[in-house]
Asks: 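For reference, the structure I am asking about is given below.
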Amino acid sequence: MALESVCNFQAPNPRIGLLRPGGKGDVDESDVLNNLWSLDKFSIPAVTDPAEFLKPFTTGEGNVKIEFDHGTTTLAFKFQHGVIVAVDSRATAGSYIASQTVKKVIEINPYLLGTMAGGAADCSFWERVLAEQCRIYELRNKERISVAAASKLLANIVYNYKGMGLSMGTMIVGWDKRGPGLYYVDSDGTRLSNNMFSVGSGSTYAYGVLDSGYSWDMGVEEAYELGKRAIYHATHRDAYSGGVVNLYHMKETGWIKVSQTDVMDLHYKYKEEKK
Amino acid sequence: MSSRYDRAITVFSPDGHLFQVEYAQEAVKKGSTAVGVRGKDIVVLGVEKKAIAKLQDERTVRKICLLDDHVAMAFAGLTADARILINRARVECQSHRLTVEDPVTLEYITRYIATLKQRYTQSNGRRPFGISCLIVGFDFDGTPHLYQTDPSGTHHEWKANATGRSAKTVREYLEKHYTNELADSDTECIKLALKALLEVVQSGSKNVELAVMRRDEPLKMLSVEEIEKMMAEVEKEKEEEAEKKKKSKTSS
């Protein structure tokens with residue numbers, strides 16, 4: 001089946017009553033070892049209820065805690081000339097700034113982009129798995145995958161691991177037969193379509209600027225300015241966002257990287273404009 | 001010699017045959033005829049209805065089935081095998097709608113059915129499906145298609161084709177009479193399917209079943225009255241043809 005084979009989903013064994021991504025119903029050692037070498041399935045703890053087992057590690061109840069970098073601002077919006085994607089580039093671990101030059105837009109293929117928010121490893125890994133699946137779809141069906149299908153593939157894959165500590169809030173952006181496409185997909189299995197999304201700790205600030213300046217009939221330069229400004233304001237107020245603004249434009253012919261602007265430069269530029 | 005190589009399906013014969021698959025194709029040739037015609041705005045399926053016993057309820061024998069709103073299928077061969085394939089294809093059509101948020105294309109569902117059939121030619125302990133399918137419908141973008149699959153798992157696209165008993169005769173008739181101009185007219189396509197079937201089936205509206213699908217419209221099974229009306233027209237045309245021929249003979 002389309003769904004079954006893509007996700008390697010096995011129907012729950014009534015005895016154990018559990019989702020085992022890529023695994024059989026029975027706890028089987030050879031199964032665990034096989035998944036160790038497989039690139040698009042994970043071994044999960046060989047217990048009756050992996051989600052329960054993994055919960056203490058993600059909430060910090062026990063001694064061991066897995067800390068995720070959640071600080072970020074990413075945004076994307078559709079308008080008459082396509083989709084604009086703007087992201088910051090700061091990675092934080094607690095109050096330590098780990099990097100100011102993170103690439104938070106993942107180029108899945110020349111006409112599909114994914115953004116990164118939440119766990120960096122989770123986002124980049126699963127979006128690369130998505131890229132593999134999109135390419136296989138293209139080869140099998142002799143036509144590009146639609147944005148709806150690509151986002152659904154990703155949502156279904158992560159749903160298999162729901163409750164086990166994946167942290168991912170991504171936007172899948174593309175242009176297909178139906179026109180520009182923008183979907184929000186997260187590790188809870190949420191999948192939404194809309195004209196505008198912002199994800200991350202600085203998203204509230206970005207939404208404020210976006211909502212006040214947005215219109216479907218914007219010009220291209222105007223849209224670029226709006227994206228940059230929204231990220232700038234988010235980085236100005238949110239401690240966990242900063243670095244540079246990476247700006248992409250999704251057109252009918254595929255995406256282009258418009259610009260990379262340091263937020264400090266934007267700060268002084270806007271200060272001048274106010275005078 | 002060949003009997004040594006047709007026990008288990010997985011064995012090739014020395015000269016490269018898979019005998020079980022070929023025997024499956026023989027089973028298809030025993031089945032009642034099915035014909036399909038692809039027009040510009042219409043696709044037609046016609047099947048021969050075997051004479052049924054007096055006490056049997058006619059409606060339980062259905063050889064033309066819907067796989068999805070826009071895909072229909074007719075087959076020739078073992079009806080029980082067909083039922084299994086149709087079930088799997090129906091589930092796949094819905095599964096595709098769920099994952100990809102688009103209806104299946106004809107090519108996709110034909111490929112799925114063909115892949116399924118091929119899998120059964122390469123598994124131990126299983127025999128191939130003894131049916132040949134004619135799959136018709138319209139893609140999401142409006143293009144009509146007619147595909148045929150056979151027990152070996154190959155699939156091809158056709159403008160018009162037949163399968164089952166006397167398929168060769170019917171196909172020759174179709175080759176002679178199918179033209180691109182004919183494809184433009186809906187009624188001509190239906191008449192062609194009917195005339196092709198009548199080549200090998202006893203004349204009578206009780207012996208044929210016709211179904212048509214137009215773009216963005218559901219599958220329509222022609223009623224007995226409609227088939228009778230069409231058959232009367234076909235008869236009339238035949239007579240007029242015969243008259244013309246006689247006249248040209250006597251005059252020359």
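Below, chains carry the letters A, B, ... as their sequence lines are ordered, and counting in each starts from 1.
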Asks: Could you measure the distance from the NZ atom of A:K177 to the CG atom of B:D102? Nearest 0.5 Å is fine.
Replies: 6.0 Å

Asks: Heavy-atom pairs under 4.5 Å with chain A - which of B:E107, B:R111, B:E101 has more of them than the others?
Replies: B:E101

Asks: By side chain to side chain donor-acceptor pair (under 3.5 Å), which residues pair with B:E172, not counting sequence neighbours?
Replies: none

Asks: Answer yes or no: does atom NZ of B:K168 have more than 12 heavy-atom neighbours from other residues, nucleotides or ligands under 6.0 Å?
Replies: no

Asks: Check the surroundings of atom CZ in A:R128: do more than 12 heavy atoms from other residues, nucleotides or ligands lie under 6.0 Å from it?
Replies: no

Asks: Relative to chain A, which segment of B:R88 carries a heavy atom at a distance below 4.5 Å: side chain, backbone, both, or neither?
Replies: neither

Asks: Does atom CZ of B:R97 have more than 12 heavy-atom neighbours from other groups under 6.0 Å away?
Replies: yes

